[in-house]
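Numbering starts at 1 and runs along the sequence shown. In this text the structure is predicted, and so the values were computed from the model without any measurement.
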Amino acid sequence: MNTVGKEISIVEGLKTSRKSVHKNALLKINELGFSTLVLGSACMLLVTGDSHAKSALTGYIERLSKYPDHRQKALRVFLEAIEDTDQQIREGACKALGSMKAFEVVNQLTFLAKCDFITVKEAAYNALMACGDAGRLAFSESLPTTFYDLGPAHTLVPQMVL
């Protein structure tokens, strides 16, 4: 079987409810090298897949992210995915970036954590927290430092946000 055929077989196996095919796909993903097809499908499967598929894909992404060349390619795939029109794909891409601890894209994750649907916001926030200090700092710097409260006689009084 050629490489593309193997990749398609793994993706379809992760989606199926047939236990023997599903189990076989879970085993084969550990042998797989870099695959744009699998990473693209991972965005949806990290949201809709079963716990075994999610765990296998997370491990695959973490393994790939240890190699600089693969990491850069994976970042490109997931950066494209966070701009997709499908909410679940954006959510899955954020989860994948969190698995990678992708500190390189904290600005994009910070934007999503503030400006998207709640599930995407949560996934982006969790990805930022997975990025360690860089993610926490980027998120905290994006928060407003003051808000205005109506004081006596409806005057605006600045208040510090803690």
Q.
Working to the nearest 0.5 angstrom, can you tell me the gap between Gln108 CD and Leu79 CG?
A. 5.5 Å
Q. Is the count of non-hydrogen atoms from other residues, nucleotides or ligands lying under 6.0 Å from Glu80 atom CD greater than 12?
A. no
**Q.** 4.5 Å side-chain heavy-atom contact, His22 and Leu26
**A.** yes
Q: Group every Ile, Leu, Val, Met, Phe, Trp and Tyr by side-chain heavy-atom contacts under 4.5 Å, then state whether Met100 and Tyr125 land in the same group.
A: yes
Q | Parallel, tilted or perpendicular: rings of His70 and Phe34 (30°, 60°) | A | parallel
Q) Would a hydrophobic clustering, with Ile, Leu, Val, Met, Phe, Trp and Tyr connected at side-chain separations under 4.5 Å, put Leu97 with Met129? A) yes
Q) With a 4.5 Å limit on heavy-atom distance, are the side chains of Ile82 and Cys94 in contact? A) yes
Q.
Can a donor-acceptor pair be found, under 3.5 Å and without considering hydrogens, that links the side chain of Asn126 to the backbone of Glu122?
A. yes
Q. Are any of the side-chain heavy atoms of Ser41 and Val38 separated by less than 4.5 Å?
A. no
Q) Out of Thr85, Asp84, Asp116, which one pairs with Arg90 under the side-chain hydrogen bond (donor to acceptor under 3.5 Å, both in side chains) rule? A) Asp116
Q | Under 3.5 Å donor-acceptor, Thr16 side chain and Gly13 backbone | A | no
Q | Spacing of CE belonging to Met44 relative to CG belonging to Leu57, to within rounding of 0.5 Å | A | 13.0 Å
Q | Check: Phe111 and Ser142 side chains under 4.5 Å, non-hydrogen atoms | A | no
Q | same_hphob_cluster(Leu32, Leu46) at 4.5 Å side-chain heavy-atom cutoff | A | yes
Q. Tell me, do Asn24 and Ile10 make a side-chain contact under 4.5 Å, heavy atoms counted?
A. no
(Q) For Gly5, is there any backbone N or O sitting under 3.5 Å from a side-chain donor or acceptor partner on Ser9? (A) no
Q. Are any non-hydrogen side-chain atoms of Glu141 and Thr110 less than 4.5 angstrom apart?
A. no
Q) Can you check whether Gly33's main-chain N or O pairs, donor with acceptor, with Tyr60's side chain at less than 3.5 Å? A) yes
Q.
Tell me whether Asp69 is salt-bridged to Lys73, with the criterion being a basic N under 4.0 Å from an acidic carboxylate O.
A. yes
Q | Expected output: side-chain Ser55 to main-chain His52 donor-acceptor under 3.5 Å | A | no
Q) So, Thr48 versus Gln88: side-chain donor-acceptor pair below 3.5 Å or not? A) no
Q: May I ask you to say whether Lys95 pairs ionically with Glu91, meaning some side-chain N is under 4.0 Å from a carboxylate O?
A: yes
(Q) Any salt bridge linking Arg71 with Glu104? Criterion: basic side-chain nitrogen under 4.0 Å from a carboxylate oxygen. (A) yes
Q: Looking only at non-hydrogen atoms, find the nearest pair between Leu109 and Ala127 and report the distance.
A: CD1-CB, 3.9 Å
Q. Does Val120 belong to the same Ile/Leu/Val/Met/Phe/Trp/Tyr cluster as Phe78, with side-chain heavy atoms less than 4.5 Å apart forming each link?
A. yes
Q) Which heavy atom of Ala102 sits nearest a heavy atom of Leu75, and at what distance? A) CB-CD2, 3.7 Å
Q. For the atom pair CG (Leu128) and NZ (Lys101), what is the distance rounded to the nearest 0.5 Å?
A. 13.0 Å
(Q) Within the 4.5 Å heavy-atom criterion, are Val106 and Phe139 side-chain neighbours or not? (A) no
Q: Taking the side chain as every heavy atom from C-beta outward, state whether Lys19 and Lys23 have any pair of such atoms under 4.5 Å apart.
A: no
Q: Start with the C-alpha distance between Lys121 and Lys114, add both sets of side-chain angles, then the distance that settles side-chain contact (heavy atoms from CB on, under 4.5 Å), and finish with yes or no.
A: CA-CA 6 Å; Lys121 285 181 180 182; Lys114 293 172 30 180; 5.9 Å; no
Q) Does the pair Glu62 and Ser99 meet the rule for a side-chain hydrogen bond (donor to acceptor under 3.5 Å, both in side chains), with working shown? A) CA-CA 6 Å; Glu62 288 172 353; Ser99 296; 4.7 Å; no
Q: Give a yes or no on whether Ile89 and Leu39 share a hydrophobic cluster (residues Ile, Leu, Val, Met, Phe, Trp, Tyr; joining criterion: side-chain heavy atoms under 4.5 Å apart).
A: no
